[in-house]
Structures are given as structure tokens and as C-alpha cells.
Amino acid sequence: MIENQMRDFRIKKLEELKNLKLEIYGRRFLKTNISEVKEEGNFKIAGRIMSIRAHGNASFADIVDSTGKIQVYFRKDIIGKENYEIFKKIDIGDIIGLEGEVFKTKTGEKTILVKNFTILSKSLRPLPEKWHGLRDVEIRFRKRYLDLIMNESVKDIFKKRVEILRYIREFLNSKGFVEVETPMMHPIPGGAEARPFITYHNSLDIELYLRIAPELYLKKLLVGNFEKIYEINRSFRNEGISTLHNPEFTMLELYSAYGDYEEMIEITEGLICFLSDKIFGSNTFEYQGKKIDLTSPWKKIKYTDIFKEIGISNFRDEKIVDKKIEEYNIEIENDDTIFDKLEKIFKKKIQPLLINPTFIVGYPVEISPLAKIAKDDPTITERFELFIGGIEIANAYSELNDPIEQLKRFEEKFKDVDDKKKKIDYDFIEALEYGMPPAGGLGIGIDRLVMLFTNSCSIREVIFFPLLKPKNE
RNA sequence: GGGCCGCUAGCUCACCAGGCAGAGCACCGCCCUUUUAAGGCGGGGGUAGCAGGUUCGAGUCCUGCGCGGCCUACCA
């Protein structure tokens, strides 16, 4: 614990106040929201003191609560000598409750003339400086509460995040989807390709994995006759951290029985346009200086065609792909498959150009182990990924519901893995064998969606407490 | 994992020509009953991220480490 002079002063004031038999860390306080204080009348409010302008026997202070800010005025001749002495021991950062009459100052500012007040919480540490606020990025993330107190725009981002989540639920509920919860601790990590976090259950004596995706459990619910379901919650991936990746992140997954990926396109467009309308009142907005237009219908490009456009006539021809890798000066790993290489070309050359919403459709079956193959081409799947502002936002497909085909895909995927029996989720296959209806499935990265709608350049700006290394003092 | 940048008072930042470590806000004391970046006078506060090295002398130069940011890579 860091001790410093300013904290000592505040501890001293705290002791002095306690000696007056005052309860400094208070209790329930019935109050009016500051935003609801009228132009005249008597009001009880509570909040944090953000500044004090003392004038000897009278003082102004600014008080904020979650709804707004208001000036209050303490006068010795109104509250009395003893109470004014107590007021003088109040510091910036303290939380107080007060009651008083609204009036207008000479300059016309709405102000509450305090009749009585009570300290509800004493702050022992000084807040960051009032003009510049808190800028240090590391402190902003480690002590997000200070960031939220000091930086209005940060608070606005998180308020908007809350709104977006509420509107997503509103939209999906109105379409007959029900919200469900499935396990976050999985005996076998599935539904995506990432490395999992490993944990351990003591009394069962088993290893468990924090889920990398809820997909397989949600599909078991389709088997269980749920038809339209969604889950909005955390997934965990033990991978690198970047402006687009936090180890724990929030994903929406949605399944619609008897639907397909075309239906998912409709839902995705509908949902994101609905959100844009609610947030901006418009279907255009700006992201990082780029104008984004959500006017329907959104562009669709076939996976094969994007590579044809840059001269890869057959994306399964490794020689052509290798030539492009060299031409674009892209670094590759020894164990990169042709699809890894294609992905790298896509990320470097195509993705940054996908500013307006664009569906890339028809991904190869090799990299889509849970998706149904296209009707007219067994090498590709009924699948899309959605890009907006150069960011991957969504991934969806017609769900593979053929258990024999699904098992084959798993076996193919894990053919080079030693203990593939441990990797393949036979419970899931068994569920499919009871019969899963054809279905469309969709995953949307909620954090990234919030980034778009709040014009944030990093995922850390839209997650209250992004993961940082602990700092030893 | 690699590259670049940052780390100085509670906060925001100077000082970098190697020569006593500074400012504003915040804080403490005094004055002040309509201020709002209130004002006036006086004052306190520092292991310059950490550890080494070079030097008569290091916040400043060098090396290593830590934490963070950006880029890159990994990762659908």
C-alpha cells in the first residue's frame, strides 16, 4: 500500500470527523437523480464531489451522480457554524448526500443552496487532475474506476455497450428467439480452433477447459427441440492479445432450426441495421475516419472470386498461392497449410479494404468442419464471414446435421493428432445421431461490434477490465 | 515471439548540452459569503519503473530486466 502525504491528511480528517460521532461511511439515502432536479423547489441529491470553490464563509462545489452534474452552494449562515466546520473537512472525491433549495446564481447557473448534508463515503486518495483527467493508458485500464470518474467519453462508451446488448436482446426476443445458457467449463474444447485455458475440478479429479465457443452445446439444444435460441456470453481463447483480441470476449451465438445461412444473412443485416438505427438514428456512421454505409443489400463476394481477383485462379493450387505469398512478401510458418496461407493473403490484402459491410461466402470445406456443404459443390460450404470497417464481425453457416459426415470431418481434422479419441466430441456426435433439424447458425463478436458503434480503435476500450499482466509493486 | 516508443510529485507534463529535480492542478496554513480552470499570500511533497555499468558527477549515456502502448507475428 502506497502511503503519501495527501492520504495522511485525509486519514487525519477522517479521524477528526469520527471524533464528532459522525458516521462517515453512510447508509441508504433516498435521492433524486441530479438530471431530474428542476429549476426550482427542494431536492435531495447524492453524489461525488468533483470540485470545490471555497470563499471563506461560503463555498461552491460540483457534484456528479450517474445521471449528471450540478453545482451546490454551502453557506455558513444557512447550515450553521458547526456544520460549516464539518464541510471544510470534505475533500474532492468524497461522496455526500444533501438537501436544499434550487436557485440561480448571478451567472444563471442552476444551483442547490444546501440546507443540510451528510457524508456518505470519505475518499482517502486524491482524484486525477481536473483539466487533463487521466491519460495514462495503463492506469486507465488497471484502475478503470478512475477512468470512468474522470473521462466522460469513456463512460459514454460503456453506456453504449450496455444499450447495444439491450437492443440485441430486444431484437432477437421480438423474432421469437430465447436466450439460453450453456456450460463454460467443457471436458472437450470444441466449436472453434483456438487453444483453450485449462482448469481442474478437484472432487471429480478431471481437467476441464474454459469454453472456446458454445456451439456444440447450443446444437444439442436444437436436438432437444429448442428451435430458436441464442446465447450472449463469454468465451475464452488462450491466444495472443491485440487491438482485436482479448483472452476473454463476448460472443453472440444464435441458432435457428429449419433455417440456413441465407436466413442468417437476413438476421445479421437486420440486427446490425436495427442497432445502427437505435444508436445513430441512421444507417451510416463513421469508423476511424472511414464512412460506413449499412444500406441493404450488403455486398456478397464468393471466397473463390476474391482470390481470382488478385490472380489466384485456383485457390487449391499451392504453387500459385506460394507465388502470391512471395509477391506480397508475407511471412509463413513451416507447418502452414495452403489454407493458412490463403488466410494470410486475405488478412493482409483483402480484409483492410472491406469497409462497407461485406459477406464473404462459400468457404472451403477443409476450414469449415461444422458447416454443411453447398448443394452444387461439395468442396465448399454454405458459410459466410462478415466484415465491416476492415474487422471480422460475424461468422455463420448452415449447420452440418449429418452425424456420419460430421464424424468423418472430425476424423479428417484430427488425423495427425496422436490422441484424436480425446479430441473428438463423441457426445456431440451421439446427439446428432438422435436427429438435429437443419439449421442456420451465427456467431457475432460483440466486443468488435461495440468497437464499431463507439468508434473505438482497440478492443480494450470496450471491455471494462481488459486482461493485463499483474504489476508487482 | 520480433521491432519501435513510453515510464520524472497524487494527476498532466517540462528539464535531456551529463552539473543543486521544476511548473500547473491537487494538497497543507492564513484571508475571502454568487464562484465555476474563483482569487490573494505563505508552505509541504521526489529512491526520476527496477538492477547494474561508464563518469569526478547520471533522470539524461550504455546493458539487462519489468510494465504499458503501437506495429508485426501467432490465433479463424
Side-chain angles (χ1 to χ4, degrees), chain A residues 2-10 12-13 50-62 69-79 84 88 91-93 103-111 113 123-143 146 149-151 191-196 212-213 237-247 249 329-333 335-337 339-340 342-344 346-348 351 360 363-364 366-371 383 385 387 392 394-395 443 445 457-458 460-461 466 468-473:
Chain A
I2 303 154
E3 304 290 334
N4 63 46
Q5 197 192 26
M6 278 193 271
R7 188 166 176 277
D8 291 341
F9 281 126
R10 291 190 175 208
K12 197 175 149 229
K13 286 185 203 171
M50 294 305 291
S51 62
I52 298 172
R53 293 173 292 284
H55 296 258
N57 292 321
S59 300
F60 290 94
D62 291 329
K69 176 167 124 179
I70 194 163
Q71 178 170 262
V72 299
Y73 187 36
F74 291 86
R75 288 175 64 121
K76 195 194 234 174
D77 57 3
I78 302 284
I79 60 175
Y84 200 77
K88 284 207 263 184
D91 290 298
I92 291 169
F103 76 105
K104 283 259 170 71
T105 62
K106 279 202 286 205
T107 52
E109 178 161 353
K110 184 164 77 179
T111 303
L113 177 63
S123 167
L124 300 181
R125 290 166 185 264
L127 289 176
E129 190 239 10
K130 62 183 170 186
W131 308 335
H132 305 92
L134 182 64
R135 297 251 176 93
D136 186 302
V137 179
E138 188 175 350
I139 303 177
R140 285 187 47 230
F141 294 159
R142 287 193 195 281
K143 306 185 184 180
L146 290 180
I149 291 170
M150 300 308 298
N151 298 321
E193 289 304 300
R195 276 182 303 183
I212 55 175
R237 297 186 183 177
N238 205 339
E239 307 282 1
I241 295 173
S242 78
T243 49
L244 290 170
H245 301 264
N246 194 61
F249 63 102
N329 206 13
I330 293 171
E331 277 179 52
I332 52 163
E333 307 289 315
D335 57 351
D336 274 352
T337 66
F339 297 104
D340 292 328
L342 288 167
E343 179 73 14
K344 284 177 183 178
F346 179 83
K347 279 220 163 123
K348 185 150 186 179
Q351 190 171 330
I360 306 297
Y363 281 78
E366 292 90 336
I367 53 171
S368 312
L370 299 160
R383 173 182 172 193
E385 284 193 357
F387 297 84
E392 181 191 336
N395 180 18
C457 63
S458 165
R460 292 181 206 95
E461 296 291 345
L468 299 180
K469 265 198 189 184
K471 196 166 190 173
N472 310 316
E473 303 262 5

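Each chain gets a letter, A, B and so on, in the order its sequence line appears, and its residues count up from 1.
If you check every strand for non-hydrogen atoms under 4.0 Å, A/Pro369 touches a base. In this structure, A/Thr243 reaches the sugar-phosphate backbone alone: every heavy-atom distance under 4.0 Å involves primed, P, OP1 or OP2 atoms, never a base. Using a 4.0 Å heavy-atom criterion, one finds that A/Arg142 contacts the sugar-phosphate atoms exclusively. Residue A/Leu146 is out of contact with every strand shown, counting any heavy-atom pair closer than 4.0 Å. If you check every strand for non-hydrogen atoms under 4.0 Å, A/Ile139 touches sugar and phosphate atoms only. Heavy atoms of A/Glu239 sit under 4.0 angstrom from primed sugar atoms or phosphate atoms, though from no base atom. In this structure, A/Asp136 reaches the sugar-phosphate backbone alone: every heavy-atom distance under 4.0 Å involves primed, P, OP1 or OP2 atoms, never a base.
Across B/rC75, B/rG68, B/rG10, the shortest atom-to-atom separation from the side chain of A/Met6 is found for B/rG10. Out of B/rA73, B/rC11, B/rG45, the shortest distance to the side chain of A/Glu129 is found at B/rC11. Counting only heavy atoms from C-beta on, A/Arg460 has its side chain closest to B/rG69 among B/rG69, B/rC75, B/rA73. Side-chain proximity of A/Ile92 to the nucleotides B/rA26, B/rA76, B/rC71 is greatest for B/rA26.
Residues A/Glu138 and A/Asp340 each lie close to RNA chain B; by heavy-atom proximity, the contact nearer the 5' end of the strand is made by A/Glu138. Both A/Lys469 and A/Glu193 lie close to RNA chain B; mapped to their nearest nucleotides by heavy-atom distance, the more 5′-ward contact belongs to A/Lys469.
A/Tyr84 places a side-chain N or O within 3.5 Å of a backbone atom of A/Ala58 that can act as its donor or acceptor partner.
Between A/Lys13 and B/rC27 there is no side-chain polar atom (N or O) within less than 4.0 angstrom of OP1 or OP2. Between A/Lys130 and B/rA26 there is a side-chain N or O to OP1 or OP2 distance below 4.0 Å. In terms of phosphate contacts, A/Arg135 brings a side-chain nitrogen or oxygen within less than 4.0 Å of OP1 or OP2 of B/rC13. For the OP1/OP2 pair of B/rC11 and a distance below 4.0 Å, the side-chain nitrogens and oxygens of A/Arg125 include no atom meeting the criterion.
Taking CG from A/Leu342 and CG from A/Asp336, the interatomic distance works out to 10.5 Å, rounded to the nearest 0.5 Å.
Residue A/Arg383 places a side-chain atom within donor-acceptor reach of the base of B/rA76, judged by atom type and a 3.5 Å distance cut-off alone.
Taking atom C1' in both B/rG46 and B/rA26, the straight-line distance is 16 Å, to the nearest Å. Rounded to a whole angstrom, the distance from the P atom of B/rG2 to that of B/rC65 is 9 Å.
Between A/Asn395 and A/Arg383, the side chains place a donor N or O and an acceptor N or O closer than 3.5 Å (distance only, hydrogens not considered).
Atoms CG (A/Leu468) and P (B/rG49) sit 20 Å apart, rounded to a whole Å.
Under the 4.5 Å side-chain criterion, counting only non-hydrogen atoms from C-beta, A/Ile367 is not in contact with A/Glu193.
Heavy-atom neighbours of A/Asp77 CG from other residues, nucleotides or ligands within 6.0 Å: above the threshold of 12.
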TODO: List the protein contact pattern of nucleotides 30-35 of chain B with one symbol per nucleotide (5' to 3'): B for base contact, S for sugar-phosphate-only contact, - for none; contact means a heavy-atom distance under 4.0 Å.
DONE: --BBBB
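Salt bridge annotation for A/Glu461-A/Arg140: present, with a cationic side-chain nitrogen under 4.0 angstrom from a carboxylate oxygen.
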